[in-house]
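Just so you know, residue 1 is the first one in the sequence shown, and it goes up from there.
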Amino acid sequence: MKTFWLLLCLVAFRASAQDTAGVNLKEYSESMPDDDANKDGPFLFAAVPYSGNFLSPTDHEGVLNLGNRERMLRVLNTYDSSDVYFFAPGIYMDNANKYEFRVLRDGKDTMLPWSPLLHFTPDSMEVGGFKSEHHYAFLGGFRTTWDHYLIIDLRRRGSDSLLSSSVVYWMPHKPVLENIYTSADISSLMTDVIRRITEPYYMFIDTAQLNKWAILYQGDRLDSLTHLPKKLILPPGENNIVFYINAGIFSSDALEYALLKDGDTVRPWHAGDFSRNFYCLANLTAGDYLLAVRFAAQRQSVMTYPFVIRKAWTQTVGFKVFIVGMILVIGFLIWFMVYQARRTSRERSRREKLGLELKSLRSQLNPHFIFNALSSIQSLINKNDISSANRYLSEFGTLLRETLKGSRQDFSPLHNEIQILDTYLHLEQLRFPFQYQIDVGADLPTHDIEIPALIFQPLVENAVKHGASSLQADGLIYIGFIRDNAGFTCIIRDNGMGFDTSRGSAGYGLVLTRERIEALNQDPSRSLHLGILSNAGSGTTITLRF
(Lines give C-alpha, C1' and ligand atoms only; values in the text may rest on other atoms or scores of the structure.)
Protein backbone atom coordinates (compact mmCIF):
# COMPACT_ATOMS: atom_id res chain seq x y z
CA MET A 1 0.00 0.00 0.00
CA LYS A 2 2.80 2.45 0.85
CA THR A 3 4.50 1.68 -2.47
CA PHE A 4 1.26 2.47 -4.31
CA TRP A 5 0.97 5.87 -2.62
CA LEU A 6 4.58 6.77 -3.44
CA LEU A 7 4.12 5.76 -7.09
CA LEU A 8 0.89 7.72 -7.30
CA CYS A 9 2.51 10.87 -5.90
CA LEU A 10 5.48 10.43 -8.29
CA VAL A 11 3.11 10.18 -11.29
CA ALA A 12 1.40 13.38 -10.17
CA PHE A 13 4.77 15.12 -9.85
CA ARG A 14 6.04 14.11 -13.32
CA ALA A 15 2.81 15.03 -15.08
CA SER A 16 2.77 18.40 -13.36
CA ALA A 17 6.44 19.08 -14.18
CA GLN A 18 5.86 18.45 -17.88
CA ASP A 19 2.80 20.68 -17.83
CA THR A 20 4.55 23.63 -16.11
CA ALA A 21 8.04 23.30 -17.60
CA GLY A 22 9.21 26.44 -19.36
CA VAL A 23 6.39 28.61 -18.18
CA ASN A 24 5.98 31.58 -20.53
CA LEU A 25 3.52 34.39 -21.03
CA LYS A 26 1.13 32.35 -23.15
CA GLU A 27 0.02 30.56 -19.94
CA TYR A 28 -1.04 33.80 -18.33
CA SER A 29 -4.58 35.10 -18.20
CA GLU A 30 -5.23 37.69 -20.89
CA SER A 31 -7.79 40.36 -21.71
CA MET A 32 -9.16 40.38 -25.24
CA PRO A 33 -11.66 42.69 -26.94
CA ASP A 34 -15.20 41.37 -27.21
CA ASP A 35 -16.19 43.52 -30.20
CA ASP A 36 -15.61 41.73 -33.50
CA ALA A 37 -15.62 45.04 -35.39
CA ASN A 38 -12.42 46.08 -33.61
CA LYS A 39 -10.62 42.75 -33.67
CA ASP A 40 -8.02 44.09 -36.13
CA GLY A 41 -7.57 47.38 -34.34
CA PRO A 42 -5.41 48.14 -31.28
CA PHE A 43 -6.52 46.47 -28.05
CA LEU A 44 -5.14 45.66 -24.60
CA PHE A 45 -4.51 42.45 -22.77
CA ALA A 46 -2.81 41.66 -19.46
CA ALA A 47 -0.38 38.94 -18.43
CA VAL A 48 -1.27 37.91 -14.88
CA PRO A 49 1.41 35.95 -12.97
CA TYR A 50 0.67 32.51 -11.58
CA SER A 51 -3.02 32.84 -10.83
CA GLY A 52 -6.07 34.75 -11.90
CA ASN A 53 -9.15 34.41 -14.05
CA PHE A 54 -11.98 36.35 -15.60
CA LEU A 55 -14.45 37.98 -13.23
CA SER A 56 -18.11 37.75 -14.12
CA PRO A 57 -20.31 40.84 -13.64
CA THR A 58 -21.70 39.34 -10.41
CA ASP A 59 -18.16 38.82 -9.10
CA HIS A 60 -17.19 42.47 -9.35
CA GLU A 61 -20.62 44.11 -9.04
CA GLY A 62 -20.54 46.65 -6.22
CA VAL A 63 -16.73 46.28 -5.90
CA LEU A 64 -15.33 47.78 -9.12
CA ASN A 65 -16.31 51.17 -10.52
CA LEU A 66 -15.92 50.61 -14.28
CA GLY A 67 -17.88 53.62 -15.54
CA ASN A 68 -18.90 53.24 -19.23
CA ARG A 69 -16.12 50.76 -20.08
CA GLU A 70 -18.36 47.93 -21.32
CA ARG A 71 -17.50 47.57 -24.97
CA MET A 72 -13.78 46.81 -24.97
CA LEU A 73 -13.36 45.43 -21.48
CA ARG A 74 -12.24 42.20 -19.86
CA VAL A 75 -11.93 42.12 -16.06
CA LEU A 76 -9.31 39.87 -14.43
CA ASN A 77 -8.29 39.15 -10.89
CA THR A 78 -4.95 38.07 -9.47
CA TYR A 79 -3.99 36.41 -6.22
CA ASP A 80 -0.32 37.38 -6.69
CA SER A 81 1.34 40.55 -5.44
CA SER A 82 3.72 40.77 -8.43
CA ASP A 83 3.42 43.13 -11.38
CA VAL A 84 0.80 42.55 -14.05
CA TYR A 85 2.13 43.26 -17.56
CA PHE A 86 0.07 45.00 -20.24
CA PHE A 87 0.43 44.73 -24.05
CA ALA A 88 -1.23 46.43 -27.03
CA PRO A 89 -1.21 44.36 -30.25
CA GLY A 90 -2.05 46.61 -33.21
CA ILE A 91 0.25 49.37 -32.03
CA TYR A 92 3.73 49.26 -33.54
CA MET A 93 6.75 51.50 -33.72
CA ASP A 94 5.46 53.23 -36.88
CA ASN A 95 2.01 54.15 -35.49
CA ALA A 96 2.65 54.39 -31.73
CA ASN A 97 2.70 58.21 -31.87
CA LYS A 98 -1.05 58.13 -32.62
CA TYR A 99 -1.99 56.50 -29.30
CA GLU A 100 -1.63 57.06 -25.59
CA PHE A 101 -2.56 55.23 -22.39
CA ARG A 102 -3.15 55.93 -18.70
CA VAL A 103 -3.35 53.94 -15.44
CA LEU A 104 -6.09 54.56 -12.83
CA ARG A 105 -6.26 53.12 -9.32
CA ASP A 106 -9.76 52.15 -8.17
CA GLY A 107 -11.21 53.96 -11.20
CA LYS A 108 -10.53 57.44 -9.78
CA ASP A 109 -6.92 57.96 -8.67
CA THR A 110 -4.45 58.65 -11.49
CA MET A 111 -1.46 56.38 -11.08
CA LEU A 112 -0.04 57.34 -14.50
CA PRO A 113 -1.55 60.17 -16.60
CA TRP A 114 -2.08 59.90 -20.35
CA SER A 115 1.34 58.92 -21.68
CA PRO A 116 2.88 57.89 -25.01
CA LEU A 117 3.75 54.26 -25.81
CA LEU A 118 7.54 54.09 -25.92
CA HIS A 119 8.38 50.40 -25.36
CA PHE A 120 7.89 47.38 -27.63
CA THR A 121 8.23 43.61 -27.43
CA PRO A 122 11.39 41.81 -28.57
CA ASP A 123 11.40 39.42 -31.52
CA SER A 124 11.45 36.34 -29.31
CA MET A 125 8.40 37.22 -27.21
CA GLU A 126 5.04 35.60 -27.86
CA VAL A 127 2.03 36.53 -25.73
CA GLY A 128 -1.40 34.99 -26.05
CA GLY A 129 -0.63 33.62 -29.52
CA PHE A 130 0.57 36.99 -30.82
CA LYS A 131 4.10 36.86 -32.20
CA SER A 132 6.16 39.99 -31.98
CA GLU A 133 7.74 40.25 -35.43
CA HIS A 134 6.31 43.76 -35.61
CA HIS A 135 7.37 44.67 -32.09
CA TYR A 136 3.93 45.64 -30.74
CA ALA A 137 3.59 47.98 -27.77
CA PHE A 138 4.53 46.95 -24.30
CA LEU A 139 3.00 49.26 -21.64
CA GLY A 140 5.00 47.89 -18.69
CA GLY A 141 4.27 46.23 -15.39
CA PHE A 142 2.04 47.71 -12.67
CA ARG A 143 0.74 46.62 -9.29
CA THR A 144 -1.36 47.85 -6.36
CA THR A 145 -2.27 46.54 -2.92
CA TRP A 146 -4.86 43.96 -1.90
CA ASP A 147 -8.52 44.77 -2.40
CA HIS A 148 -7.71 47.45 -4.97
CA TYR A 149 -7.72 47.41 -8.76
CA LEU A 150 -6.04 49.06 -11.74
CA ILE A 151 -7.67 50.19 -14.98
CA ILE A 152 -5.50 50.62 -18.10
CA ASP A 153 -7.18 52.77 -20.76
CA LEU A 154 -6.04 53.07 -24.39
CA ARG A 155 -7.19 55.81 -26.77
CA ARG A 156 -6.22 57.63 -29.92
CA ARG A 157 -4.53 60.97 -29.26
CA GLY A 158 -6.94 63.90 -29.45
CA SER A 159 -9.98 61.66 -28.91
CA ASP A 160 -12.09 61.21 -25.79
CA SER A 161 -13.30 57.76 -26.83
CA LEU A 162 -11.56 54.72 -25.37
CA LEU A 163 -10.34 52.06 -27.78
CA SER A 164 -9.79 49.40 -25.13
CA SER A 165 -9.51 48.94 -21.38
CA SER A 166 -8.04 46.27 -19.17
CA VAL A 167 -8.91 45.82 -15.50
CA VAL A 168 -7.04 43.75 -12.92
CA TYR A 169 -8.30 43.35 -9.36
CA TRP A 170 -5.84 42.29 -6.63
CA MET A 171 -8.37 40.08 -4.88
CA PRO A 172 -7.91 38.90 -1.27
CA HIS A 173 -8.42 35.17 -1.54
CA LYS A 174 -7.88 31.91 0.26
CA PRO A 175 -7.36 28.55 -1.42
CA VAL A 176 -10.38 26.25 -1.27
CA LEU A 177 -10.27 22.62 -0.11
CA GLU A 178 -12.22 20.79 -2.81
CA ASN A 179 -11.89 17.10 -1.91
CA ILE A 180 -10.21 14.58 0.39
CA TYR A 181 -9.12 11.09 -0.65
CA THR A 182 -8.46 8.20 1.72
CA SER A 183 -7.54 4.57 1.10
CA ALA A 184 -11.16 3.87 0.17
CA ASP A 185 -10.95 6.34 -2.75
CA ILE A 186 -7.97 4.92 -4.70
CA SER A 187 -9.81 4.44 -7.98
CA SER A 188 -11.50 7.87 -7.96
CA LEU A 189 -8.21 9.43 -6.87
CA MET A 190 -6.36 7.99 -9.87
CA THR A 191 -9.08 9.23 -12.22
CA ASP A 192 -9.14 12.73 -10.72
CA VAL A 193 -5.34 13.08 -10.61
CA ILE A 194 -5.08 12.35 -14.33
CA ARG A 195 -8.08 14.50 -15.22
CA ARG A 196 -7.04 17.53 -13.21
CA ILE A 197 -3.47 17.43 -14.39
CA THR A 198 -4.51 17.15 -18.03
CA GLU A 199 -7.46 19.51 -17.53
CA PRO A 200 -6.37 22.06 -14.90
CA TYR A 201 -9.69 23.92 -15.03
CA TYR A 202 -11.88 20.86 -14.46
CA MET A 203 -13.54 21.82 -11.17
CA PHE A 204 -16.41 19.36 -10.83
CA ILE A 205 -16.85 16.77 -8.05
CA ASP A 206 -18.63 13.67 -9.23
CA THR A 207 -21.81 12.40 -7.58
CA ALA A 208 -20.06 9.42 -6.00
CA GLN A 209 -17.70 11.71 -4.12
CA LEU A 210 -20.54 13.92 -2.90
CA ASN A 211 -22.55 10.89 -1.79
CA LYS A 212 -19.52 9.49 -0.01
CA TRP A 213 -19.34 12.44 2.38
CA ALA A 214 -23.11 12.60 2.77
CA ILE A 215 -23.22 8.92 3.80
CA LEU A 216 -20.16 8.85 6.03
CA TYR A 217 -21.04 12.07 7.82
CA GLN A 218 -24.82 11.93 7.79
CA GLY A 219 -26.20 14.06 10.61
CA ASP A 220 -22.95 15.93 11.22
CA ARG A 221 -22.76 19.66 10.64
CA LEU A 222 -21.44 20.27 7.13
CA ASP A 223 -19.40 23.21 5.87
CA SER A 224 -21.68 25.89 4.45
CA LEU A 225 -19.32 26.57 1.54
CA THR A 226 -18.32 23.08 0.46
CA HIS A 227 -19.63 19.55 0.72
CA LEU A 228 -16.93 18.50 3.21
CA PRO A 229 -17.51 18.06 6.96
CA LYS A 230 -16.24 20.77 9.29
CA LYS A 231 -13.75 18.33 10.79
CA LEU A 232 -12.68 15.01 9.32
CA ILE A 233 -12.37 12.15 11.82
CA LEU A 234 -10.54 9.11 10.47
CA PRO A 235 -10.36 5.63 12.00
CA PRO A 236 -7.13 4.16 13.39
CA GLY A 237 -4.64 3.14 10.69
CA GLU A 238 -5.89 5.63 8.04
CA ASN A 239 -2.43 7.16 7.73
CA ASN A 240 -2.30 8.27 4.06
CA ILE A 241 -4.47 11.17 2.92
CA VAL A 242 -4.58 13.28 -0.24
CA PHE A 243 -6.09 16.78 -0.22
CA TYR A 244 -7.16 18.48 -3.43
CA ILE A 245 -6.90 22.30 -3.32
CA ASN A 246 -8.86 24.39 -5.82
CA ALA A 247 -6.69 27.46 -6.39
CA GLY A 248 -6.50 28.08 -10.16
CA ILE A 249 -2.70 28.32 -10.15
CA PHE A 250 -0.14 27.74 -12.90
CA SER A 251 2.83 26.82 -10.72
CA SER A 252 3.15 24.65 -7.62
CA ASP A 253 5.33 27.40 -6.12
CA ALA A 254 2.28 29.66 -5.96
CA LEU A 255 0.89 27.66 -3.01
CA GLU A 256 2.44 26.85 0.35
CA TYR A 257 1.20 24.51 3.02
CA ALA A 258 2.05 23.64 6.61
CA LEU A 259 0.94 20.80 8.87
CA LEU A 260 0.42 20.97 12.62
CA LYS A 261 -0.10 18.02 14.93
CA ASP A 262 -1.46 18.42 18.44
CA GLY A 263 -0.64 22.14 18.26
CA ASP A 264 2.99 21.66 17.16
CA THR A 265 4.32 22.28 13.66
CA VAL A 266 5.46 19.01 12.08
CA ARG A 267 5.89 20.39 8.54
CA PRO A 268 6.72 24.09 8.24
CA TRP A 269 5.52 26.30 5.40
CA HIS A 270 6.81 25.14 2.00
CA ALA A 271 5.60 24.63 -1.54
CA GLY A 272 3.82 21.45 -2.63
CA ASP A 273 6.05 18.41 -3.08
CA PHE A 274 4.25 16.75 -5.97
CA SER A 275 1.47 18.50 -7.87
CA ARG A 276 0.06 21.98 -8.12
CA ASN A 277 -3.22 21.07 -6.44
CA PHE A 278 -2.79 17.64 -4.80
CA TYR A 279 -1.15 17.35 -1.38
CA CYS A 280 -0.14 13.83 -0.43
CA LEU A 281 0.35 13.30 3.34
CA ALA A 282 1.75 9.84 3.93
CA ASN A 283 2.67 7.78 7.00
CA LEU A 284 0.84 9.97 9.48
CA THR A 285 0.56 8.88 13.08
CA ALA A 286 -2.53 9.19 15.24
CA GLY A 287 -3.35 12.65 16.56
CA ASP A 288 -5.10 15.99 16.01
CA TYR A 289 -3.96 17.68 12.79
CA LEU A 290 -4.45 21.05 11.16
CA LEU A 291 -3.67 21.55 7.47
CA ALA A 292 -2.94 25.17 6.52
CA VAL A 293 -2.68 26.36 2.89
CA ARG A 294 -2.02 29.84 1.51
CA PHE A 295 -0.92 31.62 -1.63
CA ALA A 296 2.81 32.35 -1.51
CA ALA A 297 2.05 35.94 -2.52
CA GLN A 298 -0.87 36.29 -0.07
CA ARG A 299 0.45 34.90 3.16
CA GLN A 300 -2.04 36.83 5.28
CA SER A 301 -4.97 34.77 3.93
CA VAL A 302 -4.74 31.20 5.24
CA MET A 303 -7.16 28.32 4.63
CA THR A 304 -7.15 25.81 7.50
CA TYR A 305 -8.76 22.41 7.82
CA PRO A 306 -8.71 20.20 10.94
CA PHE A 307 -8.70 16.43 10.84
CA VAL A 308 -8.16 13.65 13.37
CA ILE A 309 -6.65 10.20 13.12
CA ARG A 310 -7.95 8.21 16.05
CA LYS A 311 -5.68 6.08 18.17
CA ALA A 312 -6.19 2.33 18.39
CA TRP A 313 -7.12 1.02 21.81
CA THR A 314 -3.77 -0.70 22.09
CA GLN A 315 -2.01 2.61 21.44
CA THR A 316 -3.86 4.67 24.01
CA VAL A 317 -3.53 5.12 27.75
CA GLY A 318 -7.30 5.67 28.05
CA PHE A 319 -7.83 3.07 30.72
CA LYS A 320 -5.03 4.47 32.89
CA VAL A 321 -6.36 7.97 32.39
CA PHE A 322 -9.81 6.72 33.37
CA ILE A 323 -8.48 5.14 36.59
CA VAL A 324 -6.47 8.24 37.47
CA GLY A 325 -9.52 10.37 36.71
CA MET A 326 -11.73 8.22 38.94
CA ILE A 327 -9.23 8.50 41.80
CA LEU A 328 -9.13 12.25 41.36
CA VAL A 329 -12.92 12.46 41.25
CA ILE A 330 -13.33 10.33 44.37
CA GLY A 331 -10.65 12.35 46.14
CA PHE A 332 -12.36 15.56 45.11
CA LEU A 333 -15.73 14.27 46.32
CA ILE A 334 -14.26 13.30 49.70
CA TRP A 335 -12.59 16.70 50.01
CA PHE A 336 -15.78 18.46 48.95
CA MET A 337 -17.88 16.53 51.48
CA VAL A 338 -15.43 17.39 54.29
CA TYR A 339 -15.34 21.00 53.12
CA GLN A 340 -19.14 21.21 53.00
CA ALA A 341 -19.44 19.59 56.45
CA ARG A 342 -17.02 22.13 57.92
CA ARG A 343 -18.75 24.96 56.14
CA THR A 344 -22.16 23.79 57.37
CA SER A 345 -20.80 23.49 60.90
CA ARG A 346 -19.36 27.02 60.74
CA GLU A 347 -22.62 28.37 59.37
CA ARG A 348 -24.61 26.57 62.08
CA SER A 349 -22.32 27.98 64.77
CA ARG A 350 -22.63 31.46 63.27
CA ARG A 351 -26.43 31.26 63.21
CA GLU A 352 -26.55 29.90 66.77
CA LYS A 353 -24.30 32.72 67.92
CA LEU A 354 -26.47 35.24 66.08
CA GLY A 355 -29.63 33.74 67.59
CA LEU A 356 -28.17 33.96 71.10
CA GLU A 357 -27.14 37.54 70.47
CA LEU A 358 -30.64 38.48 69.29
CA LYS A 359 -32.27 36.72 72.25
CA SER A 360 -29.92 38.57 74.58
CA LEU A 361 -30.91 41.89 73.01
CA ARG A 362 -34.61 41.00 73.24
CA SER A 363 -34.21 39.94 76.87
CA GLN A 364 -32.71 43.36 77.59
CA LEU A 365 -35.61 45.11 75.83
CA ASN A 366 -38.28 43.38 77.91
CA PRO A 367 -37.10 44.70 81.32
CA HIS A 368 -36.65 48.11 79.70
CA PHE A 369 -40.25 48.08 78.47
CA ILE A 370 -41.61 46.82 81.80
CA PHE A 371 -39.61 49.46 83.71
CA ASN A 372 -41.07 52.23 81.53
CA ALA A 373 -44.62 50.85 82.02
CA LEU A 374 -44.19 50.65 85.82
CA SER A 375 -42.86 54.20 85.80
CA SER A 376 -46.05 55.28 84.06
CA ILE A 377 -48.21 53.52 86.67
CA GLN A 378 -46.17 55.10 89.47
CA SER A 379 -46.67 58.50 87.88
CA LEU A 380 -50.45 58.04 87.85
CA ILE A 381 -50.45 56.91 91.50
CA ASN A 382 -48.35 59.93 92.49
CA LYS A 383 -50.92 62.15 90.80
CA ASN A 384 -53.58 60.38 92.89
CA ASP A 385 -55.26 59.25 89.66
CA ILE A 386 -56.16 55.85 91.11
CA SER A 387 -58.80 55.10 88.49
CA SER A 388 -56.38 55.67 85.59
CA ALA A 389 -53.68 53.73 87.43
CA ASN A 390 -55.99 50.72 87.85
CA ARG A 391 -57.11 50.92 84.23
CA TYR A 392 -53.49 51.22 83.10
CA LEU A 393 -52.49 48.28 85.27
CA SER A 394 -55.32 46.12 83.91
CA GLU A 395 -54.61 46.86 80.27
CA PHE A 396 -50.87 46.66 80.91
CA GLY A 397 -51.34 43.04 81.96
CA THR A 398 -52.90 42.23 78.61
CA LEU A 399 -50.13 44.09 76.78
CA LEU A 400 -47.44 42.38 78.86
CA ARG A 401 -48.81 38.93 78.00
CA GLU A 402 -48.70 39.76 74.25
CA THR A 403 -45.23 41.25 74.61
CA LEU A 404 -43.84 38.26 76.51
CA LYS A 405 -45.44 35.90 73.99
CA GLY A 406 -43.72 37.80 71.14
CA SER A 407 -40.40 37.88 72.98
CA ARG A 408 -40.23 34.06 72.84
CA GLN A 409 -40.43 34.15 69.04
CA ASP A 410 -37.84 35.42 66.60
CA PHE A 411 -40.46 36.76 64.19
CA SER A 412 -44.03 37.89 64.48
CA PRO A 413 -46.72 38.87 61.90
CA LEU A 414 -46.79 42.58 61.17
CA HIS A 415 -50.50 42.64 62.05
CA ASN A 416 -49.74 41.52 65.66
CA GLU A 417 -46.97 44.12 66.05
CA ILE A 418 -49.32 46.89 64.92
CA GLN A 419 -51.94 45.75 67.48
CA ILE A 420 -49.30 45.84 70.26
CA LEU A 421 -48.31 49.37 69.23
CA ASP A 422 -51.95 50.50 69.24
CA THR A 423 -52.52 49.05 72.77
CA TYR A 424 -49.30 50.63 74.06
CA LEU A 425 -50.10 54.10 72.69
CA HIS A 426 -53.63 53.88 74.05
CA LEU A 427 -52.20 53.18 77.51
CA GLU A 428 -49.72 56.03 77.27
CA GLN A 429 -52.62 58.40 76.53
CA LEU A 430 -53.70 57.82 80.17
CA ARG A 431 -50.54 59.68 81.23
CA PHE A 432 -50.18 62.16 78.40
CA PRO A 433 -53.26 63.30 76.45
CA PHE A 434 -51.46 63.32 73.06
CA GLN A 435 -52.94 62.28 69.75
CA TYR A 436 -51.68 59.43 67.58
CA GLN A 437 -52.46 57.92 64.19
CA ILE A 438 -51.55 54.51 62.75
CA ASP A 439 -51.83 54.39 58.96
CA VAL A 440 -51.43 51.04 57.13
CA GLY A 441 -51.22 50.92 53.31
CA ALA A 442 -54.15 49.11 51.72
CA ASP A 443 -51.79 47.05 49.52
CA LEU A 444 -49.70 45.83 52.47
CA PRO A 445 -50.48 42.18 53.44
CA THR A 446 -49.90 42.62 57.18
CA HIS A 447 -51.00 39.06 58.03
CA ASP A 448 -48.44 37.54 55.64
CA ILE A 449 -45.39 39.67 56.46
CA GLU A 450 -43.11 38.33 59.23
CA ILE A 451 -40.84 40.85 60.99
CA PRO A 452 -38.50 40.67 64.00
CA ALA A 453 -40.68 40.66 67.13
CA LEU A 454 -41.01 43.97 69.06
CA ILE A 455 -38.73 45.79 66.57
CA PHE A 456 -40.95 48.92 66.64
CA GLN A 457 -41.63 49.09 70.39
CA PRO A 458 -38.47 51.00 71.50
CA LEU A 459 -38.84 53.42 68.57
CA VAL A 460 -42.44 54.29 69.50
CA GLU A 461 -41.46 54.62 73.19
CA ASN A 462 -38.81 57.08 72.06
CA ALA A 463 -41.48 59.10 70.17
CA VAL A 464 -43.63 59.23 73.35
CA LYS A 465 -40.74 60.18 75.62
CA HIS A 466 -39.11 62.85 73.44
CA GLY A 467 -42.19 64.00 71.53
CA ALA A 468 -45.65 63.67 73.00
CA SER A 469 -44.86 63.71 76.73
CA SER A 470 -43.67 67.31 76.87
CA LEU A 471 -46.47 68.74 74.67
CA GLN A 472 -49.36 67.01 76.45
CA ALA A 473 -52.57 67.59 74.45
CA ASP A 474 -50.61 69.22 71.58
CA GLY A 475 -48.45 66.15 71.12
CA LEU A 476 -48.84 64.25 67.85
CA ILE A 477 -47.44 60.85 66.88
CA TYR A 478 -47.81 59.42 63.39
CA ILE A 479 -46.97 55.80 62.48
CA GLY A 480 -47.24 54.77 58.83
CA PHE A 481 -46.60 51.50 57.02
CA ILE A 482 -46.16 51.80 53.21
CA ARG A 483 -45.18 49.32 50.51
CA ASP A 484 -41.74 49.97 49.03
CA ASN A 485 -40.92 47.90 45.92
CA ALA A 486 -40.11 44.41 47.20
CA GLY A 487 -40.27 45.46 50.85
CA PHE A 488 -41.98 48.05 53.03
CA THR A 489 -41.08 51.07 55.18
CA CYS A 490 -42.26 52.08 58.65
CA ILE A 491 -42.29 55.83 59.42
CA ILE A 492 -42.55 57.04 63.06
CA ARG A 493 -42.92 60.82 63.36
CA ASP A 494 -43.51 63.10 66.37
CA ASN A 495 -43.68 66.89 66.81
CA GLY A 496 -41.61 67.05 69.96
CA MET A 497 -38.47 69.00 70.82
CA GLY A 498 -36.06 66.52 69.23
CA PHE A 499 -32.93 64.93 70.70
CA ASP A 500 -29.30 64.15 70.01
CA THR A 501 -29.29 61.12 67.66
CA SER A 502 -25.64 60.15 68.21
CA ARG A 503 -25.09 56.63 69.48
CA GLY A 504 -23.62 57.81 72.78
CA SER A 505 -26.47 60.22 73.52
CA ALA A 506 -29.47 58.12 72.41
CA GLY A 507 -31.71 56.32 74.87
CA TYR A 508 -31.05 52.78 75.99
CA GLY A 509 -33.94 51.32 73.97
CA LEU A 510 -32.71 53.01 70.80
CA VAL A 511 -29.15 51.77 71.35
CA LEU A 512 -30.41 48.21 71.80
CA THR A 513 -32.53 48.51 68.63
CA ARG A 514 -29.50 49.61 66.61
CA GLU A 515 -27.45 46.72 67.91
CA ARG A 516 -30.30 44.31 67.11
CA ILE A 517 -30.57 45.60 63.52
CA GLU A 518 -26.82 45.20 63.04
CA ALA A 519 -27.08 41.61 64.25
CA LEU A 520 -30.06 40.87 61.99
CA ASN A 521 -28.22 42.27 58.95
CA GLN A 522 -25.48 39.69 59.38
CA ASP A 523 -27.83 37.30 57.62
CA PRO A 524 -27.41 38.11 53.87
CA SER A 525 -31.07 37.20 53.22
CA ARG A 526 -32.23 40.21 55.27
CA SER A 527 -31.73 43.93 54.89
CA LEU A 528 -32.98 46.47 57.46
CA HIS A 529 -32.05 50.14 57.37
CA LEU A 530 -32.67 52.54 60.28
CA GLY A 531 -32.73 56.28 59.66
CA ILE A 532 -33.23 58.99 62.31
CA LEU A 533 -33.73 62.68 61.59
CA SER A 534 -34.20 64.93 64.64
CA ASN A 535 -33.98 68.71 64.79
CA ALA A 536 -34.41 70.85 67.89
CA GLY A 537 -37.95 72.24 68.01
CA SER A 538 -39.18 70.49 64.86
CA GLY A 539 -39.67 66.92 65.98
CA THR A 540 -38.17 63.58 65.04
CA THR A 541 -38.71 61.25 62.07
CA ILE A 542 -37.57 57.62 62.27
CA THR A 543 -37.69 55.37 59.21
CA LEU A 544 -37.14 51.62 59.31
CA ARG A 545 -36.95 50.10 55.85
CA PHE A 546 -37.30 46.35 55.31
Side-chain angles (χ1 to χ4, degrees), residues 20 23 25 27-32 34 44-67 69-70 72-87 102-112 127-128 139-153 164-178 196 200-203 223-226 243-258 269 271-272 276-277 291-305:
T20 59
V23 174
L25 292 179
E27 295 179 311
Y28 283 44
S29 300
E30 59 191 47
S31 64
M32 301 290 289
D34 292 329
L44 293 174
F45 69 82
V48 182
Y50 292 123
S51 59
N53 50 42
F54 300 125
L55 287 178
S56 68
T58 56
D59 291 332
H60 61 72
E61 184 177 358
V63 178
L64 310 183
N65 178 19
L66 304 181
R69 299 175 179 85
E70 295 181 359
M72 300 288 291
L73 178 69
R74 185 63 62 89
V75 182
L76 303 170
N77 65 29
T78 179
Y79 310 145
D80 197 290
S81 58
S82 303
D83 286 348
V84 173
Y85 297 99
F86 297 89
F87 302 86
R102 69 177 177 183
V103 182
L104 300 179
R105 184 177 185 266
D106 295 337
K108 57 183 179 178
D109 301 326
T110 302
M111 191 170 178
L112 181 68
V127 182
L139 282 63
F142 301 92
R143 76 175 77 173
T144 184
T145 52
W146 297 118
D147 213 17
H148 294 278
Y149 60 96
L150 296 182
I151 300 179
I152 313 298
D153 290 326
S164 182
S165 296
S166 182
V167 182
V168 179
Y169 176 37
W170 272 256
M171 177 184 289
H173 188 69
K174 296 180 183 180
V176 177
L177 178 61
E178 192 74 15
R196 295 184 184 182
Y201 292 104
Y202 183 85
M203 300 299 177
D223 195 318
S224 59
L225 299 178
T226 71
F243 294 91
Y244 175 73
I245 307 297
N246 182 352
I249 59 173
F250 293 108
S251 170
S252 59
D253 293 336
L255 281 182
E256 299 176 335
Y257 83 97
W269 288 106
R276 289 184 307 209
N277 300 88
L291 175 68
V293 186
R294 68 188 182 189
F295 287 102
Q298 250 195 87
R299 291 179 172 172
Q300 76 279 8
S301 300
V302 180
M303 181 279 296
T304 59
Y305 186 77

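The minimum heavy-atom distance linking Arg294 with Ser301 is given by the pair CB-O, 3.5 Å. The shortest non-hydrogen separation linking Ala46 to Val168 is CB-CG2, 4.1 Å. Of all the heavy atoms in Pro175 and Ile245, the pair that sits closest is CB-CG2, 3.5 Å.
Contacts of Phe243 classified as ring-ring contact (aromatic ring centres under 6.0 Å, His included), with partners at least two apart in sequence or in another chain: Phe307. Looking at residues two or more places apart in sequence or on another chain, you find a side chain to side chain contact (heavy atoms under 4.5 Å, CB included) between Arg143 and Asp83, Trp170. For Asp109, the side chain to side chain contact (heavy atoms under 4.5 Å, CB included) test picks out Arg105, with sequence neighbours left out. In this view, Ala292 and Trp269, Val302, Thr304 satisfy the side chain to side chain contact (heavy atoms under 4.5 Å, CB included) rule, not counting sequence neighbours.
Note that CG of Leu255 and CZ of Phe295 are 5.5 Å apart. Values are rounded to the nearest 0.5 Å. A distance of 10.5 Å separates NE2 in His173 from CH2 in Trp146, rounded to the nearest 0.5 Å. Between atom CD of residue Gln300 and atom NZ of residue Lys174 there is a gap of 10.0 Å, rounded to the nearest 0.5 Å. A distance of 9.0 Å separates CG of Leu139 from CG of Leu112, quoted to the nearest 0.5 Å. One distance of note links CZ of Phe45 with CD1 of Ile152; it measures 13.5 Å at 0.5 Å rounding.
Checked by atom type and distance alone, the side chain of Tyr149 never pairs as donor or acceptor with a backbone atom of Asn77 at under 3.5 Å. Checked by atom type and distance alone, the side chain of Thr78 never pairs as donor or acceptor with a backbone atom of Val48 at under 3.5 Å.
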For this session: Please test Leu150 against Tyr169 for side chain to side chain contact (heavy atoms under 4.5 Å, CB included), starting from the C-alpha separation and ending with a verdict.
Result: CA-CA 7 Å; Leu150 296 182; Tyr169 176 37; over 6 Å; no
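Using a 4.5 Å heavy-atom threshold, the side chains of Asn65 and Asp106 count as separate. The closest side-chain heavy-atom distance from Thr110 to Arg102 is not below 4.5 Å.
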